[in-house]
Amino acid sequence: MAELDRRQDRSPVPSAFEYATAPESREIVRLEERYGLFVGGDWVEPRSGEFQPTISPATEERLAEVAYAGAEDVDLAVGAARDAFENGWSGLRANERAKYLFRIARILQERSREFAVLESLDGGKPIRESRDVDLPLAAAHFFYYAGWADKLEYAFPNRKPRPVGVAGQVIPWNFPLLMLSWKIAPALAAGNTVVLKPAETTPLTALLFCDVLRQAELPPGVVNIVTGDGRAGAELVKHPGVDKVAFTGSTEVGKAIQKAVAGSSKKLTLELGGKAANIIFDDAPLDGAVEGIVNGIYFNQGHVCCAGSRLFVQESIYEATIAKLKRRMTTLRVGDPLDKNTDIGAINSQQQLEKIKELVAIGEEEGAEIYQPPCRLPEKGWWFAPTVFTNVAQSYRIAQEEIFGPVLSVLTFRTPDEAIEKANNTPYGLSAGVWTEKGSRILSMAQRLRAGVIWANTYNRFDPTSPFGGYKESGFGREGGLHGLGPYLEFDE
Ligand code: NDP
C-alpha cells in the first residue's frame with residue numbers, strides 16, 4: 001500500500017477508523033477460462049475468432065477470456081432471436097411468458113450471492129452495493145414485469161398492444177446485471193425476443209445470466225448475449241433484423257446510435273449521461289443531507305448517470321455543510337471491493353481512471369479548490385480517492401461535463417430562483433435532488449427542475465415501478481414502471 005499525497009484539510013477529523021477486514025469469499029464463483037457467445041440457447045464459438053480478456057479492476061487479474069462478436073455473429077444472434085419470436089415466443093400465452101420471468105427472478109434471488117461476488121470482481125463495485133442494491137433490484141425488475149406480462153390489455157386499455165419483434169440492447173459497465181434486467185425484463189414481458197450486448201469491461205454477470213436462462217428453461221433464442229466491444233454494439237443497432245433499439249451509455253455513443261437508426265422504422269430509447277444538481281436548502285436536516293450528498297456522488301465510485309455530481313448549497317449553510325461533508329469523507333473506506341467494509345471500490349477501467357484524472361487536473365487548473373481525505377489506495381488496480389471541489393464557477397468544465405467518478409463540484413445559491421437557474425444550466429436533464437423540510441418547496445422545485453427523476457430528501461433510490469429517464473442530452477424514453485413497457489409494444493389503435 002502506498003501513501004498517496006493528499007491535501008490536508010484543517011477541519012478536525014476523527015482519528016482513522018480501523019476495521020478488521022471482512023472479505024466476502026469468492027469461492028462461490030466458478031469462472032470458465034473462456035466464454036463463447038450465447039446464441040439460440042447454446043454457447044457458440046465466435047465466427048470472428050476473436051477473444052479478449054476481462055480484467056478485475058481491483059487487482060488487474062485476468063479473470064477469463066470472452067468472445068468478441070463480429071458482424072456475422074451479430075447476424076446469427078439476430079436470426080436466432082427472430083426465429084424464437086416468430087416460432088413460439090410471441091404467440092405464447094401471456095401467463096406462460098410471465099412464468100418464465102418469475103422463474104428468472106426467483107433464480108436470481110437464489111443465486112444472488114454468486115452474482116454479487118462476480119459483479120464486484122469484474123466491475124470493481126463494493127460487495128455491499130452489489131449485494132444490497134444491484135442484485136435485489138435486478139430480481140425486483142423481473143418480478144415486477146412478470147406481473148405485467150398477462151395484463152398488458154389492462155395496462156393499455158383499448159389500445160390492443162402487441163410486441164415489436166426483436167430488441168437490440170446495448171448496456172454500459174456501471175450496473176451490468178441491473179441494466180441487463182432493466183432491458184430484458186420489459187422486453188420479454190411485452191413478448192419480444194432479445195439480443196443484448198454487455199459492456200466490454202463487465203461481461204461476466206451477463207454470461208452467468210445465460211446459465212439462469214437455461215435453469216429457467218427459457219425457450220432457445222428468446223435471449224441471446226453477444227459480448228464484444230463497441231463494434232459489436234454498432235453492428236447490433238444497425239442490423240436490419242432489429243425492430244427496437246435500447247441503449248444506455250454515453251451521450252456521444254447515443255448520438256451515433258440515433259444517427260445509425262435514423263430513417264429506419266426502428267423504435268429507439270436512449271438513456272445517456274447526466275450532471276445532476278443536488279440542492280441543499282438552509283432548512284434541510286443537515287446530517288441527513290450530508291449522507292445524501294455522499295450517497296449521491298460516491299455510490300458506485302460515482303459511475304452513475306444520475307449521480308449528484310453538482311452540489312448546490314444555500315449560502316447561509318455553506319460552511320457548516322462543507323465542514324460536515326469533509327469530516328464524513330474521512331470515514332469513507334476505499335479499497336477491496338470484496339471487503340464488506342468498503343464504501344468505494346475500484347474505478348472500472350484504466351481508461352475511465354485516466355478520464356477522471358484528466359478532468360480533475362483541469363478543475364485544479366481552472367482554479368477550483370480540491371479536497372481529498374487522507375486515505376491509502378492499493379498499489380495494484382485502478383483507484384481514485386473521494387474528491388470534492390469547492391470554489392467552482394458554473395463555467396468550469398468540472399461543473400459542466402460528466403466526470404463519471406467520485407468527484408463532486410460544489411456551488412452556492414441564495415434564492416430558490418437562483419438554484420433553479422443554475423441547476424437547469426446544463427445540457428443534461430436526467431435527475432436532481434432537493435433537500436428541504438418544506439413540502440411546498442419540494443413540489444415547486446420539482447415542477448421547475450428540468451430533470452426526469454427528482455428525489456426529495458433522499459438520493460439514488462430506485463424502484464422498478466418508477467419510470468427513469470431524461471430530457472435534453474440525457475436521452476429520451478423511460479425505463480421502469482408502465483412507461484418502460486410502452487417502447488416494447490406496438491398498438492393497433
Ligand atoms: P459507451 O457509451 O461507449 O459504452 C456503452 C455501451 O455502448 C458499451 O456496451 C459499448 O461497448 C457500446 N458502444 C460503444 N460504441 C458503440 C457504438 N458506436 N454503437 C453501439 N454501441 C456502442 O461508454 P464508455 O464505456 O466509453 O464510457 C465513456 C463515458 O460515457 C464515461 O466516461 C461516462 O461519462 C459515460 N457513460 C455514461 C453511462 C450512463 O449510464 N449514462 C454509462 C457508461 C458510460 P464497449 O463497452 O465495448 O465500449
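Note that ligands are numbered from 1 as they come in the structure, with each ligand's atoms numbered from 1 the same way. The chain is numbered in sequence order, starting from 1.
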Near ligand 1, at a heavy-atom separation below 4.0 Å: residues by chain and residue number | V170, I171, P172, W173, N174, K197, P198, A199, E200, G228, D229, G230, G233, A234, F247, T248, G249, S250, V253, I257, L272, G273, C305, Q352, K355, E402, F404

Test: R478 cationic atom under 6.0 Å from Y471 six-membered ring centre, within 45° of axis | yes

Please list all pairs passing the ring pair (Phe, Tyr, Trp, His ring centres under 6.0 Å) test where one or both residues lie in residues 166-208, with sequence neighbours left out.
-> H141-W182, W173-H303, W173-F404, F175-F299, W182-F468

More than 12 non-hydrogen atoms from neighbouring residues, nucleotides or ligands closer than 6.0 Å to CZ on R47, yes or no?
-> no

Out of K472, Q400, K275, which one pairs with P427 under the side-chain contact (heavy atoms from CB on, under 4.5 Å) rule?
-> Q400

Stacked cation flag R34 on F51, 6.0 angstrom / 45 deg = yes

R62 atom CZ: more than 12 heavy-atom contacts under 6.0 Å = no

